[in-house]
Amino acid sequence: MQRLTAVRPRLLSFARLHLRDHALAEDAVQEALMAAIEKDASFAGRSGYETWVFGILKYKILDALRAQKRQGKWQPLEDETDDDAIDRQFQQNGRWRVEARPARWGDPEAAFENELFWRVFDACMIALPDTIARVFSLRELMGLSTAEICREIGIKENNCWVILHRARLRLRACIEQGWLKEAST
């Protein structure tokens with residue numbers, strides 16, 4: 001029970017990101033927590049406990065999104081255009097501009113074990129525009145394929161790839177500002 005209490009704020013933040021409705025997010029998290037309590041004996045330990053609970057929440061969120069569509073409460077994603085900001089990071093030949101080049105992150109495995117990294121990552125995800133955060137989260141955190149994302153939220157595949165590219169660039173920049181600079185001081 002203590003593990004569930006510890007993970008609840010991240011679950012709620014994740015659900016709000018996708019559902020854009022506090023009450024629906026609370027319901028999805030409560031359902032996921034109840035399922036985790038009921039199925040606790042089936043947790044085999046092949047993944048981390050938090051990962052397992054997030055997996056349960058993923059299906060609750062998808063069910064809620066489908067229910068929103070059926071009830072006509074679906075909020076389509078707005079098209080965000082910040083191509084100029086992305087283009088300014090690259091030269092004509094497609095290579096990084098020197099000042100925009102990604103910093104070295106050191107050992108990626110060690111970063112994933114670092115609590116500060118995850119606090120910065122969560123803050124960076126919250127700072128992303130809704131569209132970008134939702135698509136990135138569906139792909140990278142929930143593991144949906146591009147085709148599934150397009151079907152779930154009603155966008156074209158090319159648009160999905162552009163949004164994922166924007167998300168990765170923004171997250172990289174945000175994490176470098178909030179984590180790499182703080183970790184090096």
Side-chain angles (χ1 to χ4, degrees), residues 3-4 6-40 42-71 73-80 108-109 111-115 117-172 174-175:
R3 294 187 291 188
L4 291 176
V7 76
R8 188 181 186 288
R10 291 191 70 212
L11 294 171
L12 191 54
S13 176
F14 187 72
R16 278 191 201 130
L17 172 72
H18 290 285
L19 299 173
R20 297 194 217 170
D21 180 295
H22 182 73
L24 285 175
E26 281 282 350
D27 290 346
V29 168
Q30 289 303 324
E31 288 177 25
L33 293 174
M34 290 304 299
I37 290 168
E38 291 170 4
K39 298 176 182 180
D40 190 60
S42 70
F43 174 63
R46 287 188 291 267
S47 65
Y49 189 76
E50 187 173 323
T51 303
W52 179 69
V53 177
F54 265 92
I56 295 170
L57 179 61
K58 171 179 119 173
Y59 291 105
K60 301 298 181 187
I61 289 170
L62 290 174
D63 289 344
L65 288 172
R66 290 181 189 120
Q68 280 182 331
K69 278 185 182 177
R70 281 192 307 273
Q71 296 166 359
K73 296 179 181 176
W74 173 247
Q75 298 175 15
L77 296 170
E78 297 138 17
D79 190 29
E80 294 167 351
E109 294 296 323
F112 290 138
E113 301 295 324
N114 186 312
E115 182 62 32
F117 172 83
W118 289 110
R119 284 197 310 263
V120 171
F121 178 82
D122 287 344
C124 291
M125 282 294 292
I126 290 167
L128 287 176
D130 285 349
T131 302
I132 293 174
R134 181 184 270 180
V135 171
F136 179 83
S137 185
L138 287 170
R139 174 68 178 191
E140 303 301 339
L141 303 177
M142 294 177 71
L144 271 64
S145 71
T146 305
E148 290 170 318
I149 294 168
C150 293
R151 191 171 44 254
E152 287 296 328
I153 62 176
I155 61 174
K156 297 196 181 318
E157 191 169 344
N158 282 352
N159 192 17
C160 184
W161 288 112
V162 168
I163 292 169
L164 286 169
H165 180 69
R166 289 176 180 165
R168 290 177 182 122
L169 288 174
R170 286 182 177 201
L171 283 171
R172 176 193 57 87
C174 181
I175 289 168

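Worth saying up front: this structure is predicted, and the values here are computed from it rather than measured.
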Please evaluate residues V7 and F54 with respect to the criterion side chain to side chain contact (heavy atoms under 4.5 Å, CB included), reporting the C-alpha separation (whole Å), side-chain torsions for both, the decisive distance (0.1 Å), and the verdict. CA-CA 9 Å; V7 76; F54 265 92; 3.9 Å; yes
Once side-chain contact (heavy atoms from CB on, under 4.5 Å) is applied, do any residues pair with L128, and if so which ones, sequence neighbours excluded? M125, I132, A133, R170, L171
For the residue pair I149 and V135, what are the closest heavy atoms and their distance? CD1-O, 4.0 Å
Report the C-alpha separation of V162 and N158 in whole Å, then their side-chain angles, then the decisive distance to 0.1 Å, and conclude whether the side chain to side chain contact (heavy atoms under 4.5 Å, CB included) test is met. CA-CA 6 Å; V162 168; N158 282 352; 5.6 Å; no
Applying salt bridge (charged side-chain N to carboxylate O under 4.0 Å, His left out) to E157 and not counting sequence neighbours gives none
Look up atom CG in N159 and atom OG1 in T131, then write down how far apart they are to the nearest 0.5 Å. 8.5 Å
Tell me whether C160 and C150 have SG atoms closer together than 2.5 Å. no
With E26, which residues qualify under salt bridge (charged side-chain N to carboxylate O under 4.0 Å, His left out), at least two apart? R8
What residues, two or more places apart in sequence or in another chain, satisfy side-chain hydrogen bond (donor to acceptor under 3.5 Å, both in side chains) together with E148? S145
Would you please name every residue forming a salt bridge (charged side-chain N to carboxylate O under 4.0 Å, His left out) with D63, sequence neighbours left out? R66
So, does K60 use its side chain to make a donor-acceptor pair with the main chain of E31 at under 3.5 Å? no
Enter the distance from F136:CZ to H165:NE2 here, rounded to the nearest 0.5 Å. 13.0 Å
Worked check of side chain to side chain contact (heavy atoms under 4.5 Å, CB included) between R139 and L144: CA-CA 5 Å; R139 174 68 178 191; L144 271 64; over 6 Å; no
My understanding is that only residues two or more places apart in sequence, or in another chain, count here; which of them pass side-chain contact (heavy atoms from CB on, under 4.5 Å) with A36? L4, Y49, W52, V53, I56
Starting at CZ of R134, measure out to CD1 of I155 and round the result to the nearest 0.5 Å. 10.5 Å
Report, one line per pair, each donor and acceptor closer than 3.5 Å where one atom sits in a side chain of residues 9-16; sequence neighbours left out.
unit_1 : atom_1 : unit_2 : atom_2 : d
R10    : NE     : D122   : OD2    : 3.0
R10    : NH1    : E50    : OE2    : 2.4
R10    : NH2    : D122   : OD1    : 3.4
R16    : NE     : H22    : ND1    : 2.9
R16    : NH2    : H22    : ND1    : 3.1

